[in-house]
Amino acid sequence: MAVLPGAEPYRHEGGEVGVLLCHGFTGSPQSLRPWAEQLAEHGLTVSLPLLPGHGTRWEDMAVTGWQDWYAEVDRELRVLRDRCARVFVAGLSMGGALALRLAARHGDAVSGVIVVNPANKVHGVAAHALPVVRHLVRATKGIASDIAKPGVAELGYDKVPLHCAHSLRNFLRMVDGELPQVTQPLLLLHSPQDHVVPPADSARILSRVSSLDVREVLLEQSYHVATLDHDAERIFEESLAFIGRLAPSVGKEGTTAGG
């Protein structure tokens, strides 16, 4: 199945510092493309993969699970590690959970973590019914485009395959158990008004990680897909400052600046 226009993966060959960006559940690289391009403009090597089953039709996603999504970003991290001296992982929503698991499992191979409205749990009474309901109902309404900024839309599915929602629930529970293994510097940005992932998820993550270098930023003007919302520039600026502090060569001629 052809990838939807705008949902294509993005890669940029820059300098010795790399960033792996992970998009969210039922979303696509489109939601993180401006972020990726901003990082690339500052000389970073950037990888923004398309997760399996995403960016085409929701029916294609229905035959995938968390193992497929995580395997994709794990492979991309290994490629970046071969190419770059230092690598950071970042993500939006489920992509934040993917980034946190990469940090937990790869240790010193990851120099820092940046997450935006990271997911930690599938909420609601319906979540507990997923093990049974997923065999009776194929999909439910979508969660894409929770954006405050007028005229901006996220390229995501209008339906959520329930097999995938069940897989996501299992994945997030597993990641929650691994959070104490996250020791890297952490930049966590979240929206107080988020109609997909509640602020409680960010609070839970902050309470569970072992990172000593932690910065929390509130995105007051944005909803869930903050990377396309009013606070997008704030996310880009905070990310570059965070990476630049930990990898001071960023943006300097002859180091990570792309030519």
Side-chain angles (χ1 to χ4, degrees), residues 1-14 18-40 44-84 87-103 106 110 113-119 139 142-147 152-161 163-165 167-168 171-172 175 196-197 224-228 232 235-236 239:
M1 179 59 62
V3 173
L4 296 170
E8 304 87 357
Y10 173 86
R11 289 177 178 82
H12 174 78
E13 290 293 328
V19 183
L20 169 59
L21 295 172
C22 309
H23 70 75
F25 183 70
T26 73
S28 76
Q30 177 260 358
S31 62
L32 302 184
R33 183 69 178 256
W35 191 6
E37 291 175 342
Q38 187 70 236
L39 295 170
L44 294 157
T45 292
V46 182
S47 175
L48 170 53
L50 173 64
L51 299 179
H54 291 71
T56 55
R57 308 177 307 156
W58 70 264
E59 291 91 344
D60 297 327
M61 185 182 179
V63 296
T64 67
W66 74 260
Q67 295 90 342
D68 304 297
W69 315 325
Y70 180 76
E72 181 68 21
V73 296
D74 188 81
R75 279 192 296 268
E76 289 293 323
L77 176 61
R78 294 174 191 275
V79 170
L80 279 178
R81 283 294 300 164
D82 289 340
R83 164 72 174 78
C84 300
V87 176
F88 294 79
V89 294
L92 167 69
S93 193
M94 180 187 75
L98 290 169
L100 287 163
R101 184 162 205 251
L102 288 171
H106 286 272
V110 172
V113 186
I114 306 167
V115 291
V116 178
N117 291 323
I143 56 173
S145 266
D146 184 35
I147 300 172
V152 179
E154 179 190 15
L155 183 57
Y157 294 146
D158 60 0
K159 291 186 178 181
V160 173
H163 276 295
C164 294
S167 184
L168 174 64
F171 176 67
L172 294 179
V175 173
V196 178
V197 174
H224 182 62
V225 192
T227 49
L228 296 178
I235 295 169
F236 307 158
S239 301

Between the main-chain N or O of [Y] and the side-chain N or O of [X], is there a donor-acceptor pair closer than 3.5 Å?
X: Asn117; Y: His224; value: yes
X: Ser239; Y: Ile235; value: yes
X: Gln30; Y: Pro5; value: no
X: Glu8; Y: Gly6; value: yes
X: Ser28; Y: Leu155; value: yes
X: Ser145; Y: Ala153; value: no
X: His54; Y: Pro52; value: yes
X: Ser93; Y: Gly24; value: no
X: Glu154; Y: Ala144; value: no
X: Tyr157; Y: Gly55; value: yes

Hey, could you give me the [atom1]/[atom2] distance between [X] and [Y], rounded to the nearest 0.5 Å?
X: Ile114; Y: Leu39; atom1: CD1; atom2: CG; answer: 7.0 Å
X: Leu228; Y: Ile147; atom1: CG; atom2: CD1; answer: 5.0 Å
X: Gln38; Y: Leu44; atom1: CD; atom2: CG; answer: 10.5 Å
X: Tyr10; Y: Leu21; atom1: OH; atom2: CG; answer: 9.5 Å

Exercise. With ring centroids as reference points, do Trp66 and Phe171 lie under 6.0 angstrom apart?
Worked result: yes

Exercise. Please walk me through it: do Lys159 and Glu59 pass side-chain contact (heavy atoms from CB on, under 4.5 Å)?
Worked result: CA-CA 9 Å; Lys159 291 186 178 181; Glu59 291 91 344; over 6 Å; no

For this session: Can you run down the salt bridge (charged side-chain N to carboxylate O under 4.0 Å, His left out) pairs that involve residues 61-73, sequence neighbours left out, and say none if there aren't any?
Result: Glu72-Arg75

Problem set entry | Step-by-step side-chain contact (heavy atoms from CB on, under 4.5 Å) determination, Val116 to Trp35 | CA-CA 11 Å; Val116 178; Trp35 191 6; 3.9 Å; yes

For this session: Quick one: do Asp74 and Arg78 satisfy salt bridge (Lys or Arg N to Asp or Glu O under 4.0 Å)? Show the steps, please.
Result: CA-CA 6 Å; Asp74 188 81; Arg78 294 174 191 275; 2.8 Å; yes

Contact summary for [X] and [Y], nearest pair of heavy atoms:
X: Ala7; Y: Leu50; result: O-CD1, 3.6 Å
X: Ala119; Y: Ala97; result: O-CB, 3.6 Å
X: Gly142; Y: Val160; result: CA-CG2, 3.9 Å
X: Trp69; Y: Cys164; result: CH2-O, 3.8 Å
X: Ala99; Y: Gly91; result: CB-N, 4.3 Å

For this session: Among Leu51, Val73, Thr227, Leu92, find the residue that satisfies the side-chain contact (heavy atoms from CB on, under 4.5 Å) test when tested with His23.
Result: Leu51

For this session: Decide yes or no on side-chain contact (heavy atoms from CB on, under 4.5 Å) for Phe88 and Val110, but give the supporting numbers first.
Result: CA-CA 6 Å; Phe88 294 79; Val110 172; over 6 Å; no

Problem set entry | Residues that Asp60 engages under side-chain hydrogen bond (donor to acceptor under 3.5 Å, both in side chains), provided they are two or more places apart | Thr56, Arg57

Problem set entry | Chi angles and distances behind the side-chain hydrogen bond (donor to acceptor under 3.5 Å, both in side chains) call for Thr45, Glu13 | CA-CA 5 Å; Thr45 292; Glu13 290 293 328; 4.7 Å; no

For this session: List the steps, then state whether side-chain hydrogen bond (donor to acceptor under 3.5 Å, both in side chains) holds for Trp58 with Thr26.
Result: CA-CA 8 Å; Trp58 70 264; Thr26 73; over 6 Å; no

For this session: Using the side-chain contact (heavy atoms from CB on, under 4.5 Å) rule, take Tyr70 and Leu98 through it: C-alpha gap first, then chi angles, then the decisive distance, then the call.
Result: CA-CA 6 Å; Tyr70 180 76; Leu98 290 169; 4.1 Å; yes

For this session: List the steps and the verdict of salt bridge (Lys or Arg N to Asp or Glu O under 4.0 Å) for Arg11 and Glu76.
Result: CA-CA 10 Å; Arg11 289 177 178 82; Glu76 289 293 323; 2.6 Å; yes

Exercise. Less than 4.5 Å apart, any side-chain heavy atom of Ser31 and any of Pro29?
Worked result: no

Exercise. What pairs with Glu37 under salt bridge (Lys or Arg N to Asp or Glu O under 4.0 Å), at least two apart in sequence or on another chain?
Worked result: Arg33

